[in-house]
Amino acid sequence: MHGTKAIYLRELGAYVRSPLGWVIAAVLLLVDGILFQTQALSGQQLSAIVLERFFWSTSGVVMIASIALSIRLIAEERQNHSIVLLTTSPVRDAAIVAGKFFAALTFLGIVLALSLYMPLMIKVNGKVTAAQIAVGYTGLMMLGAASLAIGIFASSLTRQQLVAAVLGAAMLTLMVMLFPLAKRVDAPLRDILSELDLWWVHYQNGFMRGILNLKDVIYYVAVTYFFLLLSVKTLEAKRWH
Amino acid sequence: MIRVNNLSKFYGGKRALGPVDFEIADGETVGFLGLNGAGKTTALRILACDLRPSSGTVNVGGIDAIANPHDVRKRIGFLPENPPLYADMAVTDYLKFAAELRGMSKAEIKRRMPDVLDVTDLTLVSNEVISTLSHGFRQRVGVAQAIIHQPKFLILDEPTRGLDPVQIVEMRNLIHDLKQNHTVLISSHILTEISQTCDRLLVLGAGQLLGAGTEAELVGSKSDVRTITIAVKFAALPDDPRAAMQALLQAVDGVTDVGVPYEQAGAYTFALSTTRDCRADVSRAVVAGKHDLLKLDYTRSELENTFIRMVGVPASSGATAQGANDARN
């Protein structure tokens, strides 16, 4: 798609140039390191359990960081009026959203790569495989992608970043709470809500334990696509206002 | 050629523009003139394919702008009221980004960049980060992004907004340079800017097209009222100076009204509404009455008066004061 690469490189550059990107990266790694030290490494445990705990705590940090990384992507452009450059250029709205999404995902991937020393320490001192670590990181990236897509959708709804943050966090929390909610209702609604849950069913029971299910991959791709599509449609709809 | 037919835009249930019809020929520089809220920005945003109209058709260079906005965007450069800048980028990086969005290759950008920096006088600040630039330079960067892809049509929404007098002159000169190679549309509520820059004017008021034509045509079509200002020192001060002047000028053909005078150092200044240039008759009548004629000015109805009459705002309203003040800026 024409324009996606240019927007991708600009947004990635914006993360690197702005203190915000580095602050989010530093906080993510700091909190992740503290949780690893206090949660995963507490007491005598099997190395597989330690790795699970690492991916458990990191997933929470990834969801929060994803919202923080994504809320500015469209809201800030509206606030600064720079979005007019994009909307009056021969670039499709899908290309705008895709460029911004992949830039945020790349930055998240770079930051996650910097956390790799923790599972490597577990591998060196315990009995976990590289495949377990790879599956866990794949899950983190997929969870991050879905969370970024939710954040971008929230960002497309308003020009106020604070409002976008609240909206994004609320949508993400709702998606994570679907499984606990499902346990309180009867079938078939219970099954539907369970399958739509963002974390418990598809991450905790799959990727976090080193299990790669095609169903989980499809779920995260679908959620990501759905919210990115909503973002594109929101951008299109704004042209009518 | 830009051809607009029956164009309307509603925000919710409120009509912001239209229905309006107009045409702009290739090579023309056309000014959109109107008070704040007249629909200028809405019209320009629709022409720039940033906003979809509620109804009507827009044809830009033979292309339907509503059915094929992408093709039209390639041919248009747009400087909105607030320049669409990324404050964290250096000037050249930003312009490269804008050029890439318009589909220019690296080689084309490399060839074009020096010319754009030269035309917009940005060469000295080309490596500066945009956030460190003054408002005038930022506005120039905004113009640079609009022309980098050599569009046929250039749309400038309030290009001198917020500029100081020196920067306004510089921007005006820049627009004069741009007129050589582009069809230019400019919106403004500042009459001097529009009248000095544009070949033709489109006057908008409350979303409607109130008039179109050259400045001379607009002024000529509405120039039935002329004003003669006189300052008179009466030989013997009358009880009612206005009534005395009305009586004195009663026989002068063309004088339709004598305004309420103001007094300064014993002289009374009157504004006379006339239907023709009757200065000679007025001066003769005053002198014949044995009064001293200290001043005599004649003003035809100029663009400012024409504009205020066209937008139809009562002279006593605050809106007129605002509009007139803006118009004088």
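Each chain gets a letter, A, B and so on, in the order its sequence line appears, and its residues count up from 1.
- Minimum heavy-atom separation, D88(B) to R10(A): OD1-NH1, 3.5 Å.
- Taking a cutoff of 4.0 Å between a charged side-chain nitrogen and a carboxylate oxygen, K238(A) and D50(B) do not qualify as a salt bridge.
- A 4.5 Å side-chain heavy-atom check between P90(A) and K74(B) finds at least one atom pair inside the cut-off.
- Looking at E100(B), the atoms closer than 4.5 Å to chain A (heavy atoms on both sides) sit in the backbone and in the side chain alike.
- Heavy atoms of L9(A) lying under 4.5 Å from chain B are absent altogether.
- Minimum interatomic distance between R73(B) and T87(A) (heavy atoms only, all atoms of both residues): NE-O, 3.3 Å.
- Heavy atoms of P53(B) lying under 4.5 Å from chain A belong exclusively to its backbone.
- In plain terms, the two heavy atoms of Y86(B) and S82(A) that are nearest each other are CE2-OG, 3.6 Å.
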Query raised in the report: Please walk me through it: do H70(B) and R92(A) pass side chain to side chain contact (heavy atoms under 4.5 Å, CB included)?
Result: CA-CA 8 Å; H70(B) 269 58; R92(A) 301 200 179 280; 3.3 Å; yes
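- Of the N and O atoms on the side chains of R102(B) and S89(A), at least one donor lies less than 3.5 Å from an acceptor on the other residue.
- Residue L85(B) touches chain A through its backbone alone, counting heavy-atom pairs closer than 4.5 Å.
- Closest of all the heavy-atom pairs between L85(A) and Q145(B) is CD1-OE1, 3.3 Å.
- The environment of NZ in K233(A) is sparse: at most 12 heavy-atom neighbours from other residues, nucleotides or ligands sit within 6.0 Å.
- Taking a 6.0 Å sphere around CZ of R17(A), one finds it holds more than 12 heavy atoms contributed by other residues, nucleotides or ligands.
- Of all heavy-atom pairs spanning H2(A) and L101(B), the tightest one is NE2-O, 2.7 Å.
- Neither the backbone nor the side chain of E76(A) comes within contact range of chain B; no heavy atoms are under 4.5 Å apart.
- Atom CE of M113(B) has more than 12 neighbouring heavy atoms from other residues, nucleotides or ligands inside a 6.0 Å radius.
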